[in-house]
J.: 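Submitted below is the structure of interest, expressed as structure tokens.
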Amino acid sequence: MLSDHPQFTERHNRLEKWRALGVDPFGQRCDGLMSAADARALHVDGTPHEGAENAKVAGRIMLLRDIGKLIFITIQDSSGRLQIGLTKQLLAAEWDKAKLLELGDIAWFAGKVGHTNTGEVTIWATAFGLSTKALLPLPDKFHGLTDTELRYRQRYLDLAANPESMATFQSRSGMIAEIRSFLHARKFIEVETPMMQSMPGGAAARPFLTHHNALDIDLYMRVSPELFLKRLLVGGMERVFEINRNFRNEGIDTRHNPEFTMLELYEAYSDLAGMMELTETLVATLAKKEAQRSGQIGDAVVLPYGERRINYTAPFMRVAYGELFATHVGVDMKDASAVRAAAHKHGLANTGGKDADVLRGELFEHLAEPSLKEFDRPVFVYDYPAGLCPLTRRKPGDPSLAERFELYVAGMELANAYTELNDPMVQYETFSSQLAGLPDHESMARMDHDFVTALCHGMPPAGGLGIGIDRLIMLLTNSTSIRDVVLFPLLRPAPRPAADDPSAPIA
RNA sequence: GAGGCCGUAGCUCAGCUGGUAGAGCAACAGACUUUUAAUCUGUUGGUCCUGGGUUCGAUCCCCAGCGGCCUCACCA
């Protein structure tokens, strides 16, 4: 049984009626189509009721009003919706087929673009055909699909029935194209580095483990492309970027999906300041395009996000890590004993065994980071404690600080950038001390000898930047859950229907 | 991993101090040549998430499980 849906049989009967009329219900190629939006644009002031220009469109039947010898159908394609009028008078011999069309079917229509008595732009069909018979019905034609679980599990229904969802993913695609074109204009080249790695590095995150049969080795899904992209700097690719998936075996919530898309880029001879300029320009540019798309005019770029409105007009705010720390923890970050006392006071466990910078990081996360969601502008936080950033160059004149910033928008970490560390000896020692002090899953990075070797050959001074693409899309499309900007977010597998044989082999 | 909320027809949702369920849309039969979520007449459709318990009786109360959402924890 293909489907136990209660309407499947009725629709299958309808399919047989099409066959009886000599029509292949799973159609074929259709030439000369235009989009519904383009067809609509053929209707201008002065166009007569019955129309002047010819158009041919195809799409899914979303609404159908059968008034006897006249049928109004609203089709939807990726450009939007358009009304088709089918009359017995114009279609004569094809009328039996017109009466067979039903909601959810995919069909094409050709005719002149006119309008109805009430002014609705309408193609008065003189020819049409079934492109694909739908054997299952669409969700409620008015309410769409609201069940969040079904929206994620059956995204095709969400896209077909909920125009806002389609719009979000169209925006996503457009924004990623913008990012590529922005970087190409700045002479970056796009590369792809391994997603399956024998040693996961570049970020302190739990990896997924998998296995290669022929080589009989375990492999990790990457948590970051960083160490490979830097090898490319050593090789002479001076400006590289990758937009691709990272995989982190951690919790799932509104801001985290186990696989997520990162933009990571490296620019030789640049530094943290260069990355800040690039980030600010890129994010402000994208926000401006989105604001224009939604009809905003003028120089200010303000986009809604949940309950608040974020102003993306450059320059963004800039605040030193230590400044936020002093304000919210109430202690000078450089005063190690005061930091330890503060950690103890705020009940952080095992204060004794931890590195002082780890304590600083924890205090910051608990006390300072929450305040970042109060800002209605993007804010760069810079000058991080060096111990939290093993792949980052120290600040000239203050080795306790690292040349790093994070960009926070609406309290979300959106971007992370560094002046990259390129001293192989410092790198080696940092790796070593990180591995010695902490359990594996907490270590900031694992020892990667080949990476150290690469640095020995010389990596140019560089700035590096990572931007969480999903989060960026969330902010710009006003989506408060990452699952609304990831087409197929990870869910627990749906329970297997009882009728299925649980021992059936998986293809 | 912890807490809160939720799960009723294909979809969107009502309902009940405990007495085995309703509406709209969709579907089916019919009417209709200018509709706009078309309208009108008639009809079909339910493991009230699953399994226990309490009770004369559970969709409703209790416990456990499954799934989802939210908050927190985890988290370059």
Side-chain angles (χ1 to χ4, degrees), chain A residues 3-11 13-14 49-50 62-74 81 83-91 95 102-104 114-122 124 136-154 157 161-162 201-206 223-224 226 246 248-258 260 262 264 361-362 365-366 369-370 384 388-392 402 404-406 413-418 441-445 464-468 480-481 483-484 489 491-496 498:
Chain A
S3 170
D4 54 6
H5 192 287
Q7 289 176 28
F8 182 86
T9 308
E10 289 293 346
R11 283 180 172 259
N13 291 343
R14 190 77 68 109
H49 176 285
E50 67 278 10
M62 305 304 289
L63 299 171
L64 188 153
R65 299 176 287 278
D66 184 341
I67 308 176
K69 298 185 183 66
L70 169 67
I71 304 172
F72 286 111
I73 281 176
T74 300
R81 294 185 174 196
Q83 177 165 282
I84 314 291
L86 300 97
T87 65
K88 188 170 185 183
Q89 188 182 358
L90 281 175
L91 291 169
W95 193 242
E102 62 184 330
L103 291 176
H115 57 260
T116 63
N117 291 347
T118 53
E120 176 85 16
V121 176
T122 300
W124 297 107
L136 292 171
L138 288 171
D140 189 285
K141 67 185 178 188
F142 183 63
H143 300 93
L145 190 65
T146 63
D147 184 309
T148 48
E149 186 175 354
L150 290 179
R151 286 184 51 230
Y152 301 148
R153 288 197 196 279
Q154 295 182 278
L157 293 181
N162 298 329
R206 294 192 200 198
V223 295
S224 159
E226 172 157 355
N246 289 340
R248 296 187 182 176
N249 204 341
E250 285 153 6
I252 295 175
D253 61 35
T254 45
R255 276 150 292 146
H256 297 82
N257 194 57
F260 63 100
M262 275 282 276
E264 207 157 301
E362 292 185 1
E365 278 172 29
H366 283 96
E369 207 175 286
Y384 277 67
L388 299 177
C389 321
L391 299 170
T392 309
R404 168 191 185 184
F405 74 71
E406 286 201 18
E413 280 176 54
L414 181 63
N416 195 7
Y418 316 92
H441 68 268
E442 278 184 36
S443 68
M444 291 289 175
L465 167 68
I467 295 182
T480 50
S481 172
R483 297 181 207 97
D484 290 326
L491 299 179
R492 278 184 195 279
R496 180 189 292 269

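A note on names: the letters A, B, ... follow the listed sequences, proteins ahead of strands, and every chain is numbered from 1. Below, each value reflects all heavy atoms present in this structure, side chains not excepted, and no hydrogens, waters or symmetry copies.
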J.: With P as the reference atom in both, quote the distance from G3(B) to A64(B) in angstrom, rounded to an integer.
T.: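 That atom pair is separated by 10 Å.
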
J.: Would you tabulate the nitrogen or oxygen pairs shorter than 3.5 Å linking the protein to nucleotides 69-72 of chain B?
T.:
residue, atom, partner, partner atom, Å
C69(B), OP1, Arg483(A), NE, 3.4
C70(B), OP2, Arg483(A), NH1, 2.8

J.: Test for a donor-acceptor pair under 3.5 Å between the base of G24(B) and the side chain of Asp140(A), counting only N and O atoms.
T.: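 Such a pair exists between side chain and base.
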
J.: Suppose you measure atom P in A27(B) against the same atom in G67(B); what distance do you get, rounded to whole Å?
T.: 34 Å

J.: Quantified in whole Å, what is the C1' atom distance between nucleotide C48(B) and nucleotide C61(B)?
T.: 16 Å

J.: If we check side-chain contact (heavy atoms from CB on, under 4.5 Å) with Asn416(A), which of these qualifies: Met262(A), Arg404(A), Glu264(A)?
T.: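 That would be Arg404(A); it is the only one of Met262(A), Arg404(A), Glu264(A) passing the side-chain contact (heavy atoms from CB on, under 4.5 Å) with Asn416(A).
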
J.: Taking for each residue the nucleotide of RNA chain B with the nearest heavy atom, is it Trp124(A) or Leu138(A) whose nucleotide lies nearer the 5' end?
T.: Leu138(A)

J.: Across all strands, who's sitting opposite C72(B) as a Watson-Crick or G-U wobble pair, both distances under 3.5 Å?
T.: G1(B)

J.: What is the distance, to the nearest angstrom, from the NE2 atom on His115(A) to the P atom on U35(B)?
T.: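 The answer, rounded to whole Å, is 13 Å.
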
J.: Could you grab the distance from atom CG of Leu145(A) to atom CG of Leu150(A), nearest 0.5 Å is fine?
T.: 5.5 Å

J.: Atom NZ of Lys69(A) to atom P of C32(B): distance rounded to whole Å?
T.: 5 Å

J.: Distance between the P atoms of C74(B) and G18(B), in whole angstroms?
T.: 41 Å

J.: Classify the ring geometry of His49(A) against Trp124(A): parallel below 30°, tilted from 30° to 60°, perpendicular beyond 60°.
T.: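 His49(A) and Trp124(A): parallel rings.
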
J.: Nearest to the side chain of Arg206(A), which nucleotide is it out of C74(B), U35(B), A38(B)?
T.: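 Out of C74(B), U35(B), A38(B), the nucleotide with an atom closest to Arg206(A)'s side chain is C74(B).
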
J.: Please report, rounded to the nearest Å, how far the P atom of G46(B) is from the CG atom of Asp4(A).
T.: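 Rounded to whole Å, this separation is 13 Å.
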
J.: Residues two or more places apart in sequence or in another chain: which of them pass side-chain contact (heavy atoms from CB on, under 4.5 Å) with Ala417(A)?
T.: Leu272(A), Met275(A), Phe405(A), Leu465(A)

J.: Taking only residues two or more places apart in sequence, or in another chain, which ones meet Asn13(A) in a side-chain contact (heavy atoms from CB on, under 4.5 Å)?
T.: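 Here the qualifying residues are Thr9(A), Glu10(A).
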
J.: Over how many whole Å does the gap from Leu136(A) atom CG to G10(B) atom P extend?
T.: 12 Å

J.: Does any non-hydrogen side-chain atom of Phe260(A) lie less than 4.5 Å from one of Asn246(A)?
T.: yes

J.: Can you tell me the Watson-Crick or wobble partner of C61(B), both distances under 3.5 angstrom?
T.: G53(B)

J.: For a quick check of understanding: with a heavy-atom distance under 4.0 Å over all strands, which category does Gly466(A) fall into, base, sugar-phosphate or nothing?
T.: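 Nothing, no nucleic acid heavy atom in range.
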
J.: If you check the Asp66(A) side chain, which of C11(B), U34(B), C32(B) turns out closest?
T.: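 Closest nucleotide among those given: C32(B).
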
J.: Just N and O in the side chain of Arg248(A): are any of them under 4.0 Å from OP1 or OP2 of C75(B)?
T.: no

J.: Which value, rounded to the nearest 0.5 Å, describes the distance between Ile71(A) atom CD1 and Asp66(A) atom CG?
T.: 4.5 Å

J.: Kindly point out which of U33(B), A27(B), C75(B) is positioned nearest to the side chain of His256(A)?
T.: C75(B)

J.: Looking only at the side chain of Arg153(A) (C-beta and beyond, no hydrogens), which of the listed nucleotides U34(B), G68(B), G10(B) gets closest?
T.: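 So the nucleotide nearest the side chain must be G68(B).
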
J.: Indicate, with a heavy-atom threshold strictly under 4.0 Å, whether Glu120(A) touches base, sugar-phosphate, or nothing.
T.: base

J.: With a 3.5 Å limit on both atom pairs, tell me what A31(B) is paired to, counting Watson-Crick and G-U wobble, or say none.
T.: U39(B)

J.: Which part of the nucleic acid, if any, lies within contact of Gln89(A), taking any heavy atom under 4.0 Å across all strands shown: a base, the sugar-phosphate backbone alone, or nothing?
T.: base

J.: Under 4.0 Å between a side-chain N or O of Arg65(A) and OP1 or OP2 of U35(B)?
T.: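 It does not, given that no N or O in the side chain of Arg65(A) lies less than 4.0 Å from OP1 or OP2 of U35(B).
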
J.: The side chain of Leu63(A) is closest to which nucleotide in this list: U35(B), A38(B), U12(B)?
T.: A38(B)

J.: With both distances under 3.5 angstrom, what nucleotide forms a Watson-Crick or G-U wobble pair with C16(B)?
T.: none

J.: Can you tell me how far CZ of Arg65(A) sits from CD1 of Ile73(A), rounded to the nearest 0.5 angstrom?
T.: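 It comes to 9.5 Å.
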
J.: Whole angstroms only, please: what is the CD1-P distance between Ile73(A) and U33(B)?
T.: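 Roughly 16 Å, once rounded to whole Å.
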
J.: What integer number of Å spans the C1' atoms of G46(B) and G65(B)?
T.: 23 Å

J.: Would you say A26(B) has OP1 or OP2 under 4.0 Å from some side-chain N or O of Lys141(A)?
T.: yes

J.: If you check every side-chain atom of Pro6(A), which of G10(B), U35(B), A37(B) has the closest atom?
T.: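 Taking heavy atoms from C-beta onward, the closest nucleotide is G10(B).
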
J.: From CD1 of Ile84(A) over to C1' of U33(B), roughly how many Å is that when rounded to an integer?
T.: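 Interatomic distance, CD1 of Ile84(A) to C1' of U33(B): 17 Å.
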
J.: Could you please name the option among C75(B), C11(B), A26(B) that lies closest to any side-chain atom of Leu145(A)?
T.: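 For the Leu145(A) side chain, the nearest candidate turns out to be C11(B).
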
J.: Rounded to the nearest Å, what distance is computed from the CG atom of residue Asn117(A) to the P atom of nucleotide U33(B)?
T.: 14 Å

J.: Quick one: does Leu103(A)'s side chain get under 4.5 Å of Pro137(A)'s, heavy atoms only?
T.: no

J.: Can you tell me how far C1' in U17(B) sits from the matching atom in C60(B), rounded to whole Å?
T.: 10 Å

J.: Should the heavy atoms of other residues, nucleotides or ligands under 6.0 Å from CD of Glu250(A) be counted, would the total exceed 12?
T.: yes

J.: Could you please name the option among A38(B), U12(B), U34(B) that lies closest to any side-chain atom of Phe72(A)?
T.: U34(B)

J.: When the P atoms of G52(B) and U39(B) are considered, how many whole Å apart are they?
T.: 44 Å

J.: Give the rounded distance in Å between these two atoms: CD of Gln154(A) and P of G10(B).
T.: 13 Å

J.: Can you check whether any acceptor in the base of A26(B) is under 3.5 Å from a donor in the side chain of Gln7(A), or vice versa?
T.: yes

J.: Just compare A38(B), U34(B), C28(B) and give me whichever is closest to any side-chain atom of Glu102(A).
T.: C28(B)

J.: Is Thr146(A) side chain donor-acceptor paired with the U12(B) base, going by distance under 3.5 Å alone?
T.: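 Such a pair does not exist between side chain and base.
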
J.: For the OH atom of Tyr384(A) and the OG1 atom of Thr392(A), what is their distance to the nearest 0.5 Å?
T.: 10.5 Å

J.: Between U8(B) and C49(B), how far apart are the two C1' atoms, rounded to whole Å?
T.: 10 Å

J.: Side chain of Arg14(A): nearest nucleotide among A37(B), C28(B), A26(B)?
T.: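 Nearest to the side-chain atoms of Arg14(A), counting from C-beta on, is C28(B).
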
